[in-house]
Amino acid sequence: MIRMIQSTSAGQAQAYFNDSLHQSDYYLNDQEQPGCFYGRVAARFDITGVATKNTFHALCENINPITGQALTPRKKDNRTVGYDINFHCPKSVSILHALTTDNHILNAFQESVQQTMLDIEVDAQTRVRKNGMDEDRSTGELLWADFIHQTARPVDNAVPDPHLHCHSFVFNVTWDGVEQQFKAGQFRSIKQDMPYYQARFHKRLADKLVELGYCIRRTDKAFEVAGVPEHIIDLFSKRTNEIGQIAKELGITDQDELDQLGARTRARKQKGLTMSQLKAEWRKQIFALGMRDKGEGDQPIRFAPAKPVSSPSPKHCVDHALAMRFERVSVMQDRRILEVAYQQGLGHPTLTVDQITDRFADDKRIIRVKDGSQTLCTTKEVLREEQRMVALAGQSRGLLLPLYPVTPEILLEGEQREAVSHVLTTTNRVSIIRGRAGTGKTTLMTEAIRLITEAGYQVTVVAPTAQAARGVLREEGFSEADTVAKLLSSSELQAALAHGVLWVDEAGLLNTKDMTALLQLVTDKNARLILSGDTRQHSSVMRGDALRILNTVASIKSAEVSRIYRQRHLDYRQAVQALADHKVGEALAVLDSMGAIKTLSPANSFTALANDYLAALKKGKSALVISPTHKEGEQVTKAIRETLRETGRIANEETTVSRLVNTNLTIAEKSDSRNYRPGQVIQFNQKLAGIERGSRWAVHSVADGVVRIHDAIGTQTSLPLDRIQQFDVYRAGEIALAKGDTVRITRNGYDAYKKRLTNGQMLEVIAIAPDGALRLHNKASKATYTVPAHFGHIAHGYCLTSHAAQGKTVDEVFIAQPASTFAATNLNQFYVSVSRARDGVHIYTDNKAALLAHASELGDRLSALELVQRKKINRKTAEHLISTKPPVTTIIKTKREPKPVVKLVQRKPNNHALHP
């Protein structure tokens with residue numbers, strides 16, 4: 001992997017160099033090799049080669065090592081000194097290198113690092129602020145020093161583990177050829193593109209190892225050498241485990257904080273051990289686990305390579321990347337696509353990074369739009385899909401007689417009354433009601449359906465999710481509500497729709513594919529479509545913010561309901577209103593003045609949240625806890641359960657039952673055998689040859705592109721990778737439950753007596769049988785369920801993500817939003833979280849300023865139509881600028897003429913077609 005850590009202290013960077021970077025290892029005998037300077041800026045200084053202490057210190061102090069003068073114009077005391085870019089080998093590679101007698105693996109690693117650092121240098125930029133400009137300029141020049149280490153830091157004075165890695169310390173300097181001066185670099189884009197560089201690094205290293213005779217196996221994040229057992233890898237992960245244990249005790253999950261923790265907890269280097277002594281100790285540890293060396297004496301341990309597989313084509317890699325990346329979004333940065341394409345070609349040296357890159361660049365299916373320093377992409381297929389949806393919606397205007405020629409008596413007032421009137425009197429087949437969170441959309445919906453039914457029309461009510469349809473809607477009185485998926489698969493439901501009205505609640509969760517299907521369905525059945533939802537909240541997991549596209553791009557008229565009723569207290573309502581208006585700063589200021597924002601301890605302890613949650617329950621309040629990420633949610637759940645146990649609300653005695661966690665693989669990932677691991681559970685949604693619907697099989701083995709699975713009695717078969725939409729992939733795990741626990745169902749199913757269980761349903765554990773079977777109770781419906789111990793699709797129900805919480809209403813909401821969740825924080829997420837409660841909101845964070853910055857970022861995904869429109873606007877703007885500019889004076893210097901020759905060049909407008 002690659003990590004990029006900012007250094008803002010010259011003294012700290014100098015001390016780091018003195019302490020360890022100038023050594024090639026943490027042991028100081030026979031493996032000392034000094035670091036070296038690289039890069040075009042280093043060449044300008046003529047300092048390429050060994051990195052000396054004086055030169056390194058001068059650069060840290062922003063001093064030109066040649067002239068002794070200031071290196072860059074920036075003179076702030078807290079200036080960024082540079083960035084430590086860490087390149088880490090997979091653990092199996094480090095183990096093999098430590099046990100070899102030569103440097104063939106080390107050389108492959110160094111070459112891969114150098115090639116990737118050259119990639120980074122090509123992308124170097126600097127900020128341009130002269131003459132009122134505010135942009136970044138490409139420079140393509142950097143200066144860095146590489147320091148190779150072969151071991152990890154020791155743990156508890158033990159011999160350190162083998163760990164081949166490199167620190168590439170990049171100084172904050174570049175050469176601006178336009179301004180002809182050294183300037184500070186702009187590293188923001190490089191930081192953002194680190195996954196792209198990491199994929200290129202992994203591809204190169206894996207390919208070089210294959211050329212050396214090794215066989216690799218891909219892992220979730222990188223790769224390992226096939227044949228190195230997992231228990232040996234675990235044996236040599238002491239330092240990683242130590243940091244992980246400390247982080248767990250402190251509640252640290254944020255990657256930047258983990259990097260800092262690693263620096264703070266370094267053990268002192270030990271002196272006196274030679275590399276041969278280290279290797280002898282490592283071999284001793286391996287032999288203690290039962291492995292034996294087939295060689296004699298000092299010969300290295302050998303691992304038999306696996307059978308090689310044929311190399312994929314560049315087109316195959318690009319096809320896979322396009323399928324994976326555009327399954328859930330309509331627009332994606334080019335480097336995020338290439339990252340996946342490189343991973344697909346991992347371990348095939350005949351397929352190079354450049355071949356994949358060139359194939360991607362030549363792909364005519366891709367539409368590209370320059371956006372600052374980035375390139376955004378969509379595909380012609382995605383564009384056609386959105387165009388068809390918009391066309392279907394547009395064709396529906398003015399085709400039908402209104403449900404009521406004159407607005408009838410409506411038992412509502414203001415915006416709610418106007419919204420109902422809109423759907424009753426429109427002549428359009430499609431109508432939209434956009435309602436903010438807490439504006440009484442259910443009340444509006446009830447009144448509208450009453451009047452539609454009185455006019456003689458049958459109304460079918462659906463929602464995109466099972467929880468919204470069979471949970472929320474049915475609890476609110478719409479007893480026949482069902483899911484969009486059920487409607488699209490049921491000919492009976494579709495037949496009942498003829499000449500009627502289809503009402504889709506939570507329509508903001510519809511993706512482009514499903515919206516298009518619904519539009520085609522109501523057209524075929526001569527029915528009307530009413531879409532109610534809030535485009536400010538979360539959209540579909542699959543690609544296409546369909547409701548927003550219809551409203552903004554297709555210009556389908558909508559009725560807006562903005563007056564908020566849910567929040568009973570004026571200040572709280574004002575904060576939610578501000579979030580709905582995208583005024584995040586104002587909202588946070590109001591929330592802060594209310595005392596709603598609470599500071600977490602440095603250890604991110606959620607004890608205070610758990611105590612506040614318990615206090616609300618004791619008052620008889622309904623409560624909801626939300627966190628943007630599942631990982632943070634687990635920490636919150638642990639704190640809450642401990643508090644509930646201490647007060648006797650859940651039993652002390654726990655029972656561990658099996659749990660299945662969805663891997664959430666995309667369709668493209670499910671089609672790739674390399675993404676399967678022995679022990680994973682496959683559950684089938686449809687009946688296949690020899691496989692019953694609903695049955696579960698476990699992955700037995702993966703070899704030569706074939707995934708072998710077996711059932712409970714040992715019957716084996718091959719997983720049909722050509723039928724990937726008919727099964728789901730789960731990771732087997734366990735969950736500890738006690739009487740009184742609140743649990744959440746994570747997949748639609750049935751209990752032991754065929755009672756329906758709905759994904760997202762919240763239930764209370766009222767009894768646990770000796771065999772692990774659960775008795776569950778629904779407080780709202782008073783229904784009870786008996787769930788077998790092997791059911792698996794169950795989780796603790798104390799802390800939800802904002803996606804799972806959307807549509808819920810409670811008395812008080814508690815939001816865990818520390819810095820470790822900021823990667824998943826945006827305005828949509830924050831708005832949904834804050835707006836769930838009637839009476840009170842409590843936000844727990846450790847960085848208010850950063851929360852404001854992240855919560856201000858819109859969560860809307862760009863559509864293909866919007867991207868193409870942006871492309872047209874950019875092209876028209878460029879053509880206008882070119883056509884209105886005067887002739888350009890170009891100075892051409894020649895050897896014969898001592899004075900420059902002046903030549904006039906008239907710019908011509910670009911006459912390329914505007915359409916992609």
Side-chain angles (χ1 to χ4, degrees), residues 1-7 13 16-17 20-22 24 33-52 55-56 59-60 80-90 93-94 103 105-126 138-150 163-175 182 184-209 222 259 335 338-339 342 346 352-354 356-357 373:
M1 70 173 67
I2 307 180
R3 292 175 180 168
M4 183 174 179
I5 304 171
Q6 185 179 16
S7 176
Y16 196 25
F17 174 87
S20 58
L21 286 186
H22 72 294
S24 69
Q33 296 175 4
C36 294
F37 286 123
Y38 297 94
R40 294 184 176 182
V41 173
R44 287 183 180 275
F45 293 141
D46 195 23
I47 59 170
T48 53
V50 174
T52 64
T55 302
F56 192 96
L59 292 168
C60 288
T80 296
V81 177
Y83 296 85
D84 185 6
I85 301 179
N86 302 174
F87 292 82
H88 298 265
C89 265
V93 179
S94 295
N103 287 329
I105 291 178
L106 174 62
N107 294 336
F109 173 67
Q110 286 181 300
E111 290 172 10
S112 301
V113 169
Q114 279 300 306
Q115 289 171 342
T116 307
M117 284 303 303
L118 291 175
D119 290 339
I120 293 174
E121 182 179 42
V122 168
D123 294 334
Q125 295 178 317
T126 189
S138 295
T139 62
E141 297 196 20
L142 289 175
L143 189 164
W144 68 92
D146 275 357
F147 304 89
I148 300 288
H149 298 278
Q150 301 178 66
H163 181 202
L164 181 58
H165 62 289
C166 176
H167 294 269
S168 293
F169 192 92
V170 185
F171 291 94
N172 186 19
V173 61
T174 187
W175 173 256
F182 292 108
Q186 173 60 281
F187 288 87
R188 181 179 60 237
S189 294
I190 290 175
K191 175 79 170 178
Q192 292 173 345
D193 286 339
M194 202 49 62
Y196 162 81
Y197 302 121
Q198 177 173 281
R200 291 173 71 92
F201 167 67
H202 285 157
K203 166 71 175 151
R204 286 165 173 148
L205 179 58
D207 290 353
K208 293 180 190 298
L209 291 172
D259 293 337
R335 290 190 166 185
L338 280 167
E339 170 194 336
Y342 297 145
L346 207 67
T352 67
V353 165
D354 288 342
I356 296 173
T357 306
S373 61

Query raised in the report: Say you draw a straight line from NZ of K191 to CD1 of I120; how long is it, rounded to the nearest 0.5 Å?
Result: 11.5 Å

Requested in this report: Heavy atoms only: give me the nearest T80-N172 pair and the separation to one decimal.
Outcome: O-ND2, 2.9 Å

Report summary line: When every non-hydrogen atom of T116 is compared with those of Y197, the smallest separation belongs to CG2-O, 3.6 Å

Query raised in the report: Do you see a donor-acceptor pair shorter than 3.5 Å between the side chains of T174 and T126?
Result: no

Per-pair distances, 0.1 Å, donor-acceptor, side chain in residues 36-51, under 3.5 Å, sequence neighbours excluded:
{"unit_1": "R44", "atom_1": "NE", "unit_2": "E141", "atom_2": "OE1", "d": "2.7"}
{"unit_1": "R44", "atom_1": "NE", "unit_2": "E141", "atom_2": "OE2", "d": "3.4"}
{"unit_1": "R44", "atom_1": "NH2", "unit_2": "E141", "atom_2": "OE2", "d": "3.0"}

Report summary line: For V81 and A13, the nearest pair of non-hydrogen atoms, with its separation, is CG1-CB, 4.2 Å

Requested in this report: Please round to the nearest 0.5 Å and tell me the distance separating atom CD1 of I85 and atom CE of M117.
Outcome: 4.5 Å

**Report entry** Backbone N/O of A124 and side chain of T139: donor-acceptor pair under 3.5 Å
**Finding:** yes

Query - Non-hydrogen side-chain atoms of H167 and H149 separated by less than 4.5 Å - result: yes

Query raised in the report: Atom CZ in R188, atom OG in S373: separation rounded to 0.5 Å?
Result: 7.0 Å

Report task. Please tell me if the side chains of F109 and I148 come closer than 4.5 Å, counting only heavy atoms from C-beta onward. Result -> yes

Query raised in the report: Heavy atoms, side chains only, cut-off 4.5 Å: are F187 and M4 in contact?
Result: yes

Query raised in the report: Is the closest side-chain heavy-atom distance between P90 and L205 below 4.5 Å?
Result: yes

Query raised in the report: Where do L338 and I356 come nearest, in terms of heavy atoms and distance?
Result: CD2-O, 4.4 Å

Report task. Using a 4.5 Å cut-off on heavy atoms from C-beta on, say whether the side chain of T357 contacts that of R200. Result -> yes

Query raised in the report: Should we count CE of M1 as having more than 12 external heavy atoms under 6.0 Å?
Result: no

**Report entry** R204 side, atom CZ; L209 side, atom CG - distance, nearest 0.5 Å
**Finding:** 14.5 Å

Requested in this report: Could you pull out the closest heavy-atom pair between S94 and L164, with the gap in Å?
Outcome: OG-N, 2.8 Å

Query - OG on S168 to CG on D84, rounded to 0.5 Å - result: 8.0 Å

**Report entry** Test item: F87 and S112 side chains (from C-beta on) under 4.5 Å apart, heavy atoms
**Finding:** no

Query - K203 side chain reached by D207 side chain, heavy atoms, under 4.5 Å - result: yes

Query raised in the report: side chain to side chain donor-acceptor pair (under 3.5 Å) between Q114 and D146: does it pass, once the steps are laid out?
Result: CA-CA 9 Å; Q114 279 300 306; D146 275 357; 2.3 Å; yes

Query raised in the report: Quick one: CG on D119 to OH on Y196, what's the gap to the nearest 0.5 Å?
Result: 6.0 Å

Requested in this report: Not counting sequence neighbours, which residues clear salt bridge (Lys or Arg N to Asp or Glu O under 4.0 Å) with D193? List them please.
Outcome: R335, R336

Query raised in the report: Are Q115 and L118 close enough that some pair of their side-chain heavy atoms sits under 4.5 Å apart?
Result: no

Report task. Give me the ring orientation class for H163 and H165: parallel if the planes are under 30° apart, tilted from 30 to 60°, perpendicular past 60°. Result -> parallel

Query raised in the report: Centroid-to-centroid, F171 to F56, below 6.0 Å?
Result: yes

Requested in this report: Compute the centroid of each ring, for F182 and then for W175, and state whether the two points are separated by less than 6.0 Å.
Outcome: yes

